[in-house]
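Everything on this sheet refers to the single structure shown next.
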Amino acid sequence: AFLFLQDWREDLWMKRFMRDHMRYIDDIQCAAARVVQAMRQKALDISKSSDFHTFHVRRGDFQFKRTRIEATEIYENVKEVLPGNDDKTVVFIPT
């Protein structure tokens, strides 16, 4: 997330306030940890490593049709820059 206020004093106060007082609820953190653990297990089942790559891709919620591409096309567009790129590379693309 990005926040910018024109007055630098207000900007600094707001960023410090969010840093010091905003926290995720434990249930959300625990659910996220379970998702990461499941992804690591899935990666281990497919390859010899629990490492995986993940992208958050916004598609289908914009007015432009060209943003609505399939996960396989997204992978084809980025596979050359993924470390360890081979048939066993695990990529998680939630949308």
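Across all their heavy atoms, L5 and M14 have their closest contact at CD1-CB, 3.9 Å. Across every non-hydrogen atom of M18 and R23, the tightest pair is O-NH1, 4.4 Å. Pairing each heavy atom of D51 with each of V90, the nearest pair is O-CB, 4.4 Å.
The structure places CZ of R40 at 8.5 Å from OG of S49, a figure rounded to the nearest 0.5 Å. Note that the OG1 atom of T72 and the NZ atom of K79 stand 10.5 Å from one another [nearest 0.5 Å].
Annotation: side chain to side chain donor-acceptor pair (under 3.5 Å) contacts of Q29 (sequence neighbours excluded): none. The side-chain contact (heavy atoms from CB on, under 4.5 Å) check on D45 picks up Q41, with sequence neighbours excluded. When the side-chain contact (heavy atoms from CB on, under 4.5 Å) test is applied to Q6, no partner is found at least two apart in sequence or on another chain. Every side chain to side chain donor-acceptor pair (under 3.5 Å) that K15 has, sequence neighbours left out, goes to D11. Every residue two or more places apart in sequence or in another chain that forms a side-chain contact (heavy atoms from CB on, under 4.5 Å) with R34 is listed here: C30, A31. For F17, the ring pair (Phe, Tyr, Trp, His ring centres under 6.0 Å) test picks out W13, H21, with sequence neighbours left out. Listed by chain and residue number, I69, E73 satisfy the side-chain contact (heavy atoms from CB on, under 4.5 Å) test with N77 (two or more places apart in sequence, or in another chain). The side chain to side chain donor-acceptor pair (under 3.5 Å) check on T54 picks up nothing, with sequence neighbours excluded.
Side-chain contacts under 4.5 Å among hydrophobic residues (ILVMFWY), followed directly or transitively, place L44 with no other residue at all.
Y75 and V81 fall within a single hydrophobic cluster, where Ile, Leu, Val, Met, Phe, Trp and Tyr side chains are chained together by heavy-atom contacts under 4.5 Å.
Summarising the local packing, CD1 of I28 is surrounded by more than 12 heavy atoms from other residues, nucleotides or ligands at distances under 6.0 Å.
Inter-residue side-chain proximity for F52 and I46 is flagged as unmet; no heavy-atom pair is nearer than 4.5 Å.
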